[in-house]
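Beneath this line is the structure, given in structure tokens, with notes to follow.
What you see below is based on every heavy atom in this structure, not just the backbone, and it leaves out hydrogens, waters and symmetry mates. Along the sequence shown, residues are numbered consecutively beginning with 1.
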Amino acid sequence: MPKYDAAMRVEKVFGFADALIALQPTARWGMRGDEYESIDWYTPEVTKPSKEECMAKIAELQAAYDATRYQRDRLYSYPDYDQQFDILYHQGIEGWKAAIDEVKKKFPKPQN
């Protein structure tokens with residue numbers, strides 16, 4: 001099985017369904033497609049978020065997700081556990097740290 005390539009990954013794109021779940025997690029609703037106008041609101045005691053509130057939440061969710069891309073890239077780029085144990089056995093802790101640092105340098109944590 002080929003090693004996972006971070007460049008091949010499809011990134012998540014957030015939409016109105018994600019925003020509704022985040023804004024009103026207890027509400028019941030349905031929709032056809034991903035257009036605000038297609039939302040059918042079934043919980044009258046819970047206020048349906050406006051389109052603007054949903055758009056703002058979509059932007060917030062997407063920004064938070066995008067800010068952690070380096071974590072997903074690293075996760076699939078680190079050596080498998082069996083390889084890491086082999087590195088530890090043959091090269092010691094310094095060899096293991098070097099292998100991990102190589103991935104961290106390839107996918108650095110963004111500076112805030």
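- Ion pairing of Arg69 with Asp73 is present here, as a side-chain N (NZ or NE/NH1/NH2) and a carboxylate O approach within less than 4.0 Å.
- Proximity of a side-chain donor or acceptor of Asp18 to a complementary backbone N or O of Gly15 within less than 3.5 Å is detected.
- Shortest non-hydrogen contact noted between Cys54 and Pro49 is SG-CB, 3.9 Å.
- Note on Leu61: it does not cluster hydrophobically with Val13, by side-chain heavy-atom contacts below 4.5 Å among ILVMFWY residues.
- For the pair Pro108 and Tyr70, the minimum side-chain heavy-atom distance is 4.5 Å or more.
- Here the side chains of Phe16 and Met55 are in contact, with some heavy-atom distance below 4.5 Å.
- Stacking of Lys12 on the aromatic ring of Phe14 is recorded, both the 6.0 Å distance cut-off and the 45° axial limit being met.
- Taking 4.5 Å as the limit, some side-chain heavy atom of Arg74 sits within range of a side-chain heavy atom of Lys109.
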Donor-acceptor contacts under 3.5 Å from residues 22-31 side chains, at least two apart:
residue : atom : partner : partner atom : Å
Gln24   : NE2  : Thr47   : O            : 3.2

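- Residues in residues 46-58 take part in these salt bridge (Lys or Arg N to Asp or Glu O under 4.0 Å) pairs, two or more places apart or across chains: Glu37-Lys51, Lys57-Glu60.
- Atom OH in Tyr76 sits 13.0 Å away from atom CZ in Phe107 (nearest 0.5 Å).
- Remark: Arg72 qualifies as a cation-pi partner of Tyr65 under the 6.0 Å distance and 45° angle criteria applied to the six-membered ring.
- In terms of the side chain to side chain contact (heavy atoms under 4.5 Å, CB included) criterion, residue partners of Asp40 (sequence neighbours excluded) are, by chain and number, Arg32, Tyr42.
- Looking at heavy atoms from C-beta onward, Thr43 lies in side-chain contact with Trp41 at the 4.5 angstrom threshold.
- More than 12 heavy atoms of other residues, nucleotides or ligands sit less than 6.0 Å from atom CD of Gln84.
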Could you go step by step and tell me if Gln71 and Leu75 meet the side chain to side chain contact (heavy atoms under 4.5 Å, CB included) rule?
CA-CA 6 Å; Gln71 292 174 341; Leu75 177 66; over 6 Å; no

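- Within 6.0 Å of atom CD in Gln91, more than 12 heavy atoms from other residues, nucleotides or ligands are found, so the atom counts as buried in its surroundings.
- The shortest heavy-atom contact between Val103 and Ser77 is CG2-O, 3.5 Å.
- In the hydrophobic cluster analysis, where Ile, Leu, Val, Met, Phe, Trp and Tyr join through side-chain heavy atoms closer than 4.5 angstrom, Tyr89 is grouped apart from Ile87.
- Within the 3.5 Å criterion, the main-chain N or O of Asp80 finds a donor-acceptor partner in the side chain of Gln83.
- Residue Ala67 comes nearest to Pro110 through the heavy atom pair O-CG, 4.0 Å, listed as atom of the first residue, atom of the second, then distance.
- Between Ile39 and Leu20, some side-chain heavy-atom pair lies under the 4.5 Å cut-off.
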